[in-house]
Amino acid sequence: MSRYLSARFADLEAYVPGEQPQDMQYVKLNTNESPFPPAPAVLKAIGAEEAGRLNLYPDPECRVLRQKLAEHYGVRLENIFLANGSDELLNFFFMAFCDQERPVAFPEVSYGFYPVYACLYRLPYTEIPLREGFRLDISDYCGIHKNIVIANPNAPTGRAVSVSEIEEAVRTNPDHVVMVDEAYIDFGGESCLPLVEKYPNLLVCQTFSKFRSLAGGRLGFAFGSPELIGDLDKMKYSTNSYNVNRLTMAAAAATIENDQYYVDNSRKIQENRAYTTAALDKLGFETLPSLANFIFTRCKSVDGGTLYRALKAKGVLVRHWDKPSIADWCRVTIGSREQMDVFLAKVREILEEVG
Ligand SMILES: *Cc1c(COP(=O)(O)O)cnc(C)c1O
């Protein structure tokens with residue numbers, strides 16, 4: 001820390017993203033990216049023609065892409081907000097809706113960025129413990145008079161709750177905003193999007209980073225009432241009017257036009273998830289039921305940190321946290337069948353080595 005940093009950030013602990021080694025020598029199962037490249041049409045969409053317009057600012061209202069999303073998801077233009085990754089959506093949520101009088105709550109085991117934003121804005125926040133088996137009990141969120149963020153399916157557990165459960169939290173906190181972070185919804189979960197019509201205090205947020213193979217493009221989108229979308233717009237136009245760049249918008253529109261490619265990829269991921277889970281079961285692992293493109297698993301004989309380091313030494317990256325409540329566990333992204341076979345082979349070697 002320099003002597004110039006504002007004192008209000010002295011205690012801020014920044015988010016630590018998963019490792020992104022730039023030499024590409026690892027089987028990379030640590031940041032929930034898609035193992036599949038973008039559809040061929042995406043490469044065409046960001047070709048010389050669009051790149052040739054990079055001297056011009058992009059449309060700050062992102063109309064073409066928002067229109068595509070509106071048609072695809074059956075909502076109106078004024079229900080959609082776009083951001084530079086769903087991380088930026090989260091930033092705007094904490095910035096816009098939370099303060100000393102409007103504290104925020106989220107699960108104690110969830111996406112590590114939530115407490116970082118709460119600290120960044122010096123917000124009072126509550127981390128609500130999960131129940132047995134990392135289960136989220138929605139009654140812990142009903143009528144709590146707080147803004148709420150719930151990742152559904154949750155990360156890093158992969159567990160999901162039903163739309164009717166989420167609805168209870170939205171219905172019983174009418175004076176607060178509930179944000180459902182659906183980063184992993186397209187791997188078998190059920191979206192809360194249909195509730196947006198009914199509840200003016202609900203934001204449903206999704207990303208192009210996982211299901212749509214566009215993590216490098218940085219694009220997140222939120223569905224909500226025109227009032228909430230207007231508030232997010234206010235934050236955006238007070239931070240960076242051009243938060244979504246030209247190439248990313250063109251790429252994203254092409255993914256919507258080639259939806260079947262991504263649906264097929266998701267089916268493969270779900271098959272590989274079942275395959276990997278079954279193989280780990282045979283090796284004596286305990287794996288939580290997942291509706292995401294990753295699994296949360298623990299080995300009875302090797303603790304999470306040891307397994308993470310041993311896998312890394314063998315060229316396979318997974319994600320591990322030292323946080324005591326989850327230190328036994330590793331989060332493993334579901335990749336291609338070939339990647340999962342390498343992962344499983346390395347796990348078997350490690351189990352043999354530790355005897
Ligand atoms: C990956 C992830 C995000 C961030 O997505 P980006 O759009 O890449 O910023 C948000 N929330 C959760 C729960 C995630 O796992």
Side-chain angles (χ1 to χ4, degrees), residues 8 11-13 15 81 83 86-132 134-157 159-185 189 191-206 220 222-235 323 325-326:
R8 68 187 195 282
D11 298 332
L12 179 63
E13 274 195 53
Y15 179 69
F81 178 83
S86 47
D87 289 338
E88 191 179 57
L89 290 173
L90 291 166
N91 182 24
F92 290 154
F93 166 85
F94 283 88
M95 194 189 281
F97 304 115
C98 308
D99 57 31
Q100 292 298 318
E101 284 73 46
R102 297 177 161 269
V104 59
F106 39 80
E108 193 255 331
V109 173
S110 193
Y111 187 34
F113 228 132
Y114 304 154
V116 175
Y117 283 125
C119 290
L120 175 64
Y121 295 112
R122 307 168 81 74
L123 301 169
Y125 67 97
T126 308
E127 295 185 292
I128 299 180
L130 294 173
R131 305 295 186 98
E132 185 73 31
F134 299 104
R135 228 178 277 271
L136 187 151
D137 188 330
I138 207 67
S139 68
D140 295 337
Y141 297 81
C142 292
I144 60 173
H145 305 292
K146 291 180 166 73
N147 291 326
I148 294 169
V149 191
I150 292 176
N152 192 44
N154 197 10
T157 66
R159 294 200 91 123
V161 290
S162 68
V163 170
S164 57
E165 287 170 284
I166 299 271
E167 182 169 11
E168 276 310 288
V170 178
R171 192 179 60 77
T172 58
N173 292 285
D175 298 328
H176 290 83
V177 182
V178 177
M179 179 160 201
V180 186
D181 181 347
E182 296 189 337
Y184 301 104
I185 200 64
S191 175
C192 288
L193 176 57
L195 301 180
V196 163
E197 281 271 288
K198 207 166 150 192
Y199 297 99
N201 62 324
L202 170 66
L203 276 175
V204 174
C205 120
Q206 299 191 4
F223 300 111
S225 59
E227 298 92 314
L228 292 186
I229 298 300
D231 296 338
L232 293 175
D233 264 328
K234 191 168 188 172
M235 300 303 109
K323 182 173 174 155
S325 54
I326 54 173

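Basis for what follows: all heavy atoms, side chains included, without hydrogens, waters or symmetry-related copies.
A search for side-chain contact (heavy atoms from CB on, under 4.5 Å) contacts involving Pro226 returns Glu78, Asn79, not counting sequence neighbours. The salt bridge (charged side-chain N to carboxylate O under 4.0 Å, His left out) test applied to Arg171 returns Glu168, not counting sequence neighbours. For Asn173, the side chain to side chain donor-acceptor pair (under 3.5 Å) test picks out no residue, with sequence neighbours left out. By the side chain to side chain donor-acceptor pair (under 3.5 Å) test, Lys198 is found to be paired with Glu167, residues two or more places apart in sequence or in another chain being considered. Arg8 pairs by the salt bridge (charged side-chain N to carboxylate O under 4.0 Å, His left out) definition with nothing, not counting sequence neighbours. With sequence neighbours excluded, no residue forms a salt bridge (charged side-chain N to carboxylate O under 4.0 Å, His left out) with Glu127. In this structure Tyr184 satisfies the side chain to side chain donor-acceptor pair (under 3.5 Å) test together with Asn32, Lys210, sequence neighbours excluded. Judged as a side chain to side chain donor-acceptor pair (under 3.5 Å), and not counting sequence neighbours, the contacts of Glu165 are Ser162. Not a single salt bridge (charged side-chain N to carboxylate O under 4.0 Å, His left out) links Asp231 to another residue, sequence neighbours left out. For the side-chain contact (heavy atoms from CB on, under 4.5 Å) test, residues two or more places apart in sequence or in another chain that qualify with Ser191 are Glu182, Ile185, Leu193, Val204, Gln206.
Across all non-hydrogen atoms, the minimal contact from Ile326 to Pro156 is CD1-CG, 4.5 Å. The nearest pair of heavy atoms linking Phe134 to Thr157 is CB-CG2, 3.7 Å.
Heavy atoms from other residues, nucleotides or ligands lying under 6.0 Å from CD of Glu227 number more than 12. Other residues, nucleotides and ligands place more than 12 heavy atoms under 6.0 Å from the NZ atom of Lys323.
In this structure, CD in Glu197 is found 10.5 Å from CG in Leu195, a value given to the nearest 0.5 Å. Annotation: the span from Leu202 atom CG to Ser225 atom OG amounts to 8.5 Å, rounded to 0.5 Å. Taken from CD1 in Ile150 to CG in Asp140, the straight-line distance is 9.5 Å, to the nearest 0.5 Å.
Between Tyr125 and Cys119 the shortest side-chain heavy-atom distance falls below 4.5 Å. Side chains of Val109 and Ser325 form a contact here, defined as non-hydrogen atoms less than 4.5 Å apart. Side-chain contact between His176 and Ile144 is absent, with no heavy atoms from C-beta onward closer than 4.5 Å. Between Asp181 and Leu89 the shortest side-chain heavy-atom distance does not fall below 4.5 Å.
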Scan the side chains in residues 90-107 for donor-acceptor partners under 3.5 Å anywhere in the protein, sequence neighbours excluded, and list what turns up.
{"residue": "Asn91", "atom": "OD1", "partner": "Tyr121", "partner atom": "OH", "Å": "2.4"}
{"residue": "Asp99", "atom": "OD1", "partner": "Glu101", "partner atom": "N", "Å": "2.9"}
{"residue": "Asp99", "atom": "OD1", "partner": "Arg102", "partner atom": "N", "Å": "2.8"}
{"residue": "Gln100", "atom": "NE2", "partner": "Arg122", "partner atom": "O", "Å": "3.2"}
{"residue": "Arg102", "atom": "NH1", "partner": "Asp175", "partner atom": "O", "Å": "2.9"}

From CA spacing to verdict: side chain to side chain contact (heavy atoms under 4.5 Å, CB included), Asp87, Tyr111: CA-CA 10 Å; Asp87 289 338; Tyr111 187 34; 2.7 Å; yes
Side chain to side chain contact (heavy atoms under 4.5 Å, CB included) between Met179 and Ser86, intermediate numbers included: CA-CA 12 Å; Met179 179 160 201; Ser86 47; over 6 Å; no
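Applying the side chain to side chain donor-acceptor pair (under 3.5 Å) test to every pair with at least one member in residues 147-156, sequence neighbours left out, gives these pairs: Ser110-Asn154.
Considering Ile128, Ile166, Leu130 as possible partners of Leu136, the one that fulfils the side chain to side chain contact (heavy atoms under 4.5 Å, CB included) test is Leu130.
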